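Structure first, commentary second.
Every value quoted in this text rests on a predicted model; they were computed, and no experiment measured them. These values consider heavy atoms only, across backbone and side chains, with no hydrogens, waters or symmetry-generated copies. Quick note on labels: first sequence line is chain A, next is B, and so on, each numbered from 1.
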Number of protein chains: 2
Amino acid sequence: MTIELPETIRRRCRAGTLAGPTAGLAPGYAQANLVIVGKEDAYDFLLFCQRNPKPCPLLEVTEPGDPRVDRLAFGADLRTDLPRYRVYERGELMTELMEIRTQWTEDSVAFLLGCSFTFESALLEAGVGVRHLEETGADGCSKNVPMYRTTRPCRPAGRFAGPLVVSMRPIPASLVARAVEVTSRFPAVHGSPVHVGDPSTLGIASLERPDWGDAVTIKDGEVPVFWACGVTPQAVVLESRLERCITHAPGHMFVTDVRDNDLAYC
Amino acid sequence: MTIELPETIRRRCRAGTLAGPTAGLAPGYAQANLVIVGKEDAYDFLLFCQRNPKPCPLLEVTEPGDPRVDRLAFGADLRTDLPRYRVYERGELMTELMEIRTQWTEDSVAFLLGCSFTFESALLEAGVGVRHLEETGADGCSKNVPMYRTTRPCRPAGRFAGPLVVSMRPIPASLVARAVEVTSRFPAVHGSPVHVGDPSTLGIASLERPDWGDAVTIKDGEVPVFWACGVTPQAVVLESRLERCITHAPGHMFVTDVRDNDLAYC
C-alpha cells in the first residue's frame, strides 16, 4: 500500500479528486483545522487563542489576503487544498464547497489550529488504545471522538466567548498516567487532559449523549479522560454570528508537511 | 529574614518606596517583562509573539485602557506597581519614571511576558549552577546574564521585525542534558535552549563582549548554552520606532502572584 504524502493529498484536493474525510491519510503528518475571519476580527480571534491555548492550538496565522502557509505546507493554497469547506453567515451554514477562491478576499485572515489526531498517534504508539478508532458507527466507518459542551467558560476576547468543549477517551486506570505523560508532551496541540474522571463537575449530564461525534463504549476499569477540544474555537466563532466565517468541513482537514512528532518541540 | 510576598512588593512600588531591581525578591514567584503599545499596534505585536514564542513568552494582554491583570496579580495596577518604567518615543529613551499614570491612555495595551528568572530557579533547584548569579560586577551586585544579538532573524509581524537575542549560561558538559530537561519543562517561559556550543553559527563574534548584561567566566569543561531571551521583543519594538512605547526598566520587573512552578503547566 502506497502512503500518499501530504503534498499529493493537497494536490488531489486542489484538483477536486479528493473530497472526503482526511482521518488516516498521510499518517505521521499533522492535520489542521481552518478558521477564516475578516481582518477586522483577527485581533479578537488571535487574542482568544492566546487566552485559551488548550482548546485553541494555534499553529499559523496568514497575512490578510494571502492564502499561503509555506512554513507548514510549502506551496499550499488554503483556498483549494482542503477537501471540503463550510461557509457560515451570521452563524448559519450557508454552503459546503470544495474550494473557496470566490469567497476568499483581500481581507481574509486564515488561522490554522492543530488537531487531536496528532496526540492520538502518540497515544497509539505508546500502547494506549483510542476507543473511537476501535469502534465503527452506523456507516461502517470508525466513529468520531465524542465531544461535549461543558459549563466551563473560555476566557473571552472581544466578541468571542463561549464554553470549553472537550473530547473524551476512556482509558484503563493503569494507563491514565501514561496517557497524561504522552499528551503532555504536546503543549502546542491541546496538551494534557483538562479533567480525569467524573464528568458531572464539567456540567456533562450524560457521556452517552455527546454534543458532537459518537458515543463510545466505556469498559469496566476504564476512566473517562477529557481533553480540550478544537471544536471550542469553531463553536465560539459561530456563536459570535460574524457576518461571514469559513471553516474546514468537519473531518476534512488541512494536511500539512509537519510531522506530528515535531509538534512536541517548540 | 522575612520574605515579602508579591502583593507587598507591588504596594511598595505603588507607594514609591521601592524603586530598585527586583531580582531575588519574592523567590518562587514569577516576574514579568512589560511592553505597552497603542492599540493600533497591538495586533502586530500579539502576532509577533505568536510567531516567536521562544523569545516572547506572552503571559497576558490587557484590554485597551485597562491596567489590571487580575489573573496574574489580583488588584494590581500596571501603571504603578513596577518599581521603574522607561518611556520611549520613536525608539529613543525619553525618561525613566516610577509610575506612568499620566502616560497611560485609553488606547494603551499592555503585554506581560515571562522572564528567565523563572527557569533559573528551576535550574538552581536541580543543582545546575547559574554563573552570573555566582559572580559580582563592578558595582558589587551579582552580574546580569550575558545577552547577545544573533544573526538569526525573528519571524516578522507587521512593523515588528528584528534579530533573535539570546542569553548564555555556561554549563558543565555532564549537566547540559539536565539543563535542557529542566528548562524544557517551561515551554511557556522560553523553554529549552535554542543552541548549545560554538556561538559562531549564531553570528556571535565574542562571548566576552555581550550586547547586554555582563560577560561571565566559562570554566574548563563547560559548554556555552543559549536560550531565547526576552530582550528580543523589547529590542524589536524599539527598532520599530513606534511613536511611543513604555517598558519596564531593565531589571525592574512586575512581580506576579503566580508561582514559577505553575508556569510549567499549561
Heavy-atom contacts under 4.5 Å, residues 175-197 of chain B to chain A: Pro187(B)
Using heavy atoms and a sub-4.5 Å threshold, report which of residues 56-70 of chain B line up against chain A, by residue number. Leu58(B), Leu59(B), Glu60(B), Val61(B), Thr62(B), Glu63(B)
Which residues in residues 35-44 of chain A have a heavy atom less than 4.5 Å from any heavy atom of chain B? Ala42(A), Tyr43(A)
For residues 109-126 of chain A, run the donor-acceptor check on the side chains, cut-off 3.5 Å, and write out each pair with its distance to 0.1 Å, sequence neighbours left out.
residue, atom, partner, partner atom, Å
Ser116(A), OG, Arg169(A), NH2, 3.3
Thr118(A), OG1, Asp260(A), OD1, 2.9
Glu120(A), OE2, His132(A), NE2, 3.0
Glu120(A), OE2, Arg169(A), NE, 2.9
Glu120(A), OE2, Arg169(A), NH2, 2.9
Ser121(A), OG, Phe117(A), O, 3.2
Ser121(A), OG, Asp260(A), OD2, 3.3

